[in-house]
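Structure first, commentary second.
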Amino acid sequence: MTKQHEDVPKSHIESQMSELYQQRKSKHRANSSMKRGVLKNLEHSGSWFTAMNRIQHVAIAAGTVLLISLIAIQLHQIRQPVTQITQATIELHSISSQDSNEDNALGQRYAQHYQDYLKQKALLASHHQKSAILSQFDEGWELVTCKQELVKISQELVDTLKKMDAVNASLKTGDSVKITFNVSGLIVGIEPSPAPLQC
Amino acid sequence: MSLSIAIRNWFSTSQSNEWLVVKFAQTKDKKLFEQLYDNCADDLYHFLTTQSDPHLAKDICQKTWLKVIEKPHLYQESGRFIAWLFSIGRNALIDEFRRSNRFTSLPENADQFGFTINHELTTSHHIEQNFESVSDAFDHALLKLPFEQREAFCLQQEGFGLNEIATITHCGVETAKSRIRYAKQALRLTLENYHD
């Protein structure tokens, strides 16, 4: 009840405030001289805008005309029937020998590279490791590879290799070994293979 | 917002300010501008007069309208034209105050004790001066309000929403709200004292 009682004058005063504000506003209005001044500026700015607008319109019109002309020319060209057939006959008189010389040179270079490749391959074959199984231990060693190649090593060589620590002394018959060859294809070491040989 | 404006324009017989400014930006038609000016000039002038003095308000009005003439394309269709116009006017006024060192913004916590200040002002002036009419007392009290409170109150009276007031005065919505509250409290006190 009390709140309602307070709210009534509050809203009354607020509406009074609005009324007084509007009264005050009616006393302070923008005069006609201000409007004249603003419109003068508009006229000045408007003339520039009109000029620019005209230039813009002319540019757009010119661009449109140009575009239509280009399209028309293109269409005209497309519609024209193809009446002229251009023929060109090529007669072959001879083949220059220079090409065959170049072919020969290329062939020679190819053969040379192939020979080099074969040499490198042979060298690789001679200097590599082979896996084998130690099959005989008495009076020299016999090593059998997966390709059934038998490599016989004399006892003297075994002893020599042992002296050079190139042979593992603990090897026994049936062990898988790795035979290491040097560039010249000579055996330089026999070591036990970490994995058993499987052919 | 722009869609709603478009729909409103579709059905309304008189053109809205938003439609007028957009069309004016496209055509620079003098008649459109005149219509726009007639719709808003009094509101802007009164707001600026209340915030400064008639002479400065006139200058700022000219500058504001000049900007509308020169750069109408800057108006964003997402908001009301009048809010944009008041923003330009208010910014120009603040710039002018800063140039002449007349502008002293309220401190951060001014809104907290703003009412106390206003209360003192209104009561003391009422005691000292006998106004001929309630209108005079109101005018006097309004002009005695701190700048921020006065502008917030005026903008509300001009029909702006809290979001628009906050945007125009570059403050938060809550700040705008409290400024209006303090301004109204001070004015109410003046009116009550006058009636007593």
Side-chain angles (χ1 to χ4, degrees), chain A residues 1-69 71, chain B residues 24-34 36-38 40-50 54 57-59 61-72 133-143 153-154 156-159 183-192 194-195:
Chain A
M1 185 71 184
T2 317
K3 198 186 172 187
Q4 271 185 338
H5 184 72
E6 281 173 358
D7 282 349
V8 172
K10 192 178 173 183
S11 62
H12 170 71
I13 284 180
E14 287 224 353
S15 64
Q16 196 186 6
M17 264 185 226
S18 298
E19 276 172 28
L20 290 167
Y21 182 85
Q22 292 305 324
Q23 275 178 30
R24 179 186 150 74
K25 203 173 159 182
S26 63
K27 287 179 203 166
H28 299 87
R29 289 190 177 280
N31 55 31
S32 55
S33 69
M34 280 170 64
K35 189 177 178 179
R36 277 200 299 276
V38 171
L39 291 177
K40 204 175 173 183
N41 284 318
L42 173 65
E43 277 163 17
H44 178 70
S45 149
S47 61
W48 264 105
F49 183 80
T50 313
M52 288 303 290
N53 220 12
R54 276 183 191 162
I55 291 167
Q56 205 178 0
H57 286 153
V58 168
I60 291 167
T64 313
V65 168
L66 189 68
L67 184 70
I68 290 167
S69 316
I71 291 168
Chain B
F24 173 70
Q26 291 166 359
T27 61
K28 290 274 177 174
D29 188 346
K30 191 182 169 185
K31 282 181 182 174
L32 293 172
F33 180 80
E34 268 192 88
L36 204 59
Y37 183 90
D38 291 341
C40 310
D42 286 342
D43 296 345
L44 179 70
Y45 177 69
H46 176 254
F47 171 71
L48 293 171
T49 308
T50 311
K58 191 180 169 184
D59 281 354
C61 269
Q62 296 267 6
K63 281 182 188 174
T64 307
W65 284 111
L66 198 63
K67 189 161 183 185
V68 175
I69 290 167
E70 286 171 352
K71 294 169 181 176
S133 64
V134 66
S135 173
D136 289 344
F138 175 79
D139 280 9
H140 188 263
L142 182 65
L143 296 176
F153 174 77
C154 287
Q156 200 207 25
Q157 291 298 316
E158 291 297 340
K184 280 185 175 178
Q185 279 173 353
L187 293 171
R188 192 184 305 127
L189 207 68
T190 304
L191 294 176
E192 281 169 359
Y194 181 82
H195 289 305

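Just so we're on the same page: letters track the sequence lines, and every chain starts at 1.
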**Message:** Could you go through E70(B) and N41(A), starting from their C-alpha distance and side-chain angles, then the distance that decides it, and tell me whether this counts as side-chain contact (heavy atoms from CB on, under 4.5 Å)?
**Reply:** CA-CA 9 Å; E70(B) 286 171 352; N41(A) 284 318; over 6 Å; no
**Asked** Would Q157(B) and K25(A) count as a side chain to side chain donor-acceptor pair (under 3.5 Å) if you check the C-alpha gap in whole Å, the side-chain angles of each, and the deciding distance to 0.1 Å?
**Response** CA-CA 10 Å; Q157(B) 291 298 316; K25(A) 203 173 159 182; over 6 Å; no
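When heavy atoms are compared at a cutoff of 4.5 Å, F153(B) approaches chain A solely by way of its side chain, counted from C-beta outward. Proximity to chain B is absent for every atom of E19(A), based on heavy atoms less than 4.5 angstrom apart. Within the 4.5 angstrom heavy-atom criterion, atoms from both the backbone and the side chain of T50(B) approach chain A. Contacts of V134(B) with chain A are made by both backbone and side-chain atoms, with heavy-atom separations under 4.5 Å. For L142(B), the part lying under 4.5 angstrom from a heavy atom of chain A is the side chain only.
Residue with the most contacts toward chain B among K27(A), H28(A), Q22(A), R24(A): R24(A) (heavy-atom pairs, distance under 4.5 Å). Chain A forms more heavy-atom pairs under 4.5 Å with one residue of D139(B), L66(B), D38(B) than with any other, namely D139(B).
The ring-ring contact (aromatic ring centres under 6.0 Å, His included) search around Y21(A) returns H46(B), not counting sequence neighbours.
Residue L20(A) comes nearest to S135(B) through the heavy atom pair CD2-CA, 3.7 Å, listed as atom of the first residue, atom of the second, then distance. The minimum heavy-atom distance between Y45(B) and A30(A), with the atom names listed, is CD2-N, 3.6 Å.
Put simply, OG1 on T49(B) and CZ on R29(A) are 12.0 Å apart, with the number rounded to the nearest 0.5 Å. Taking CD of Q185(B) as the reference point, atom CD1 of I13(A) lies at 12.0 Å (rounded to 0.5 Å). Interatomic distance, CZ of F138(B) versus CG of L187(B), reported as 5.5 Å (0.5 Å rounding).
Scanning residues 32-40 of chain A against chain B with a 4.5 Å non-hydrogen threshold yields S33(A), M34(A), K35(A), G37(A), V38(A), L39(A), sorted by number.
Between W65(B) and F33(B), the ring-plane angle classifies as perpendicular under the 30° and 60° cut-offs.
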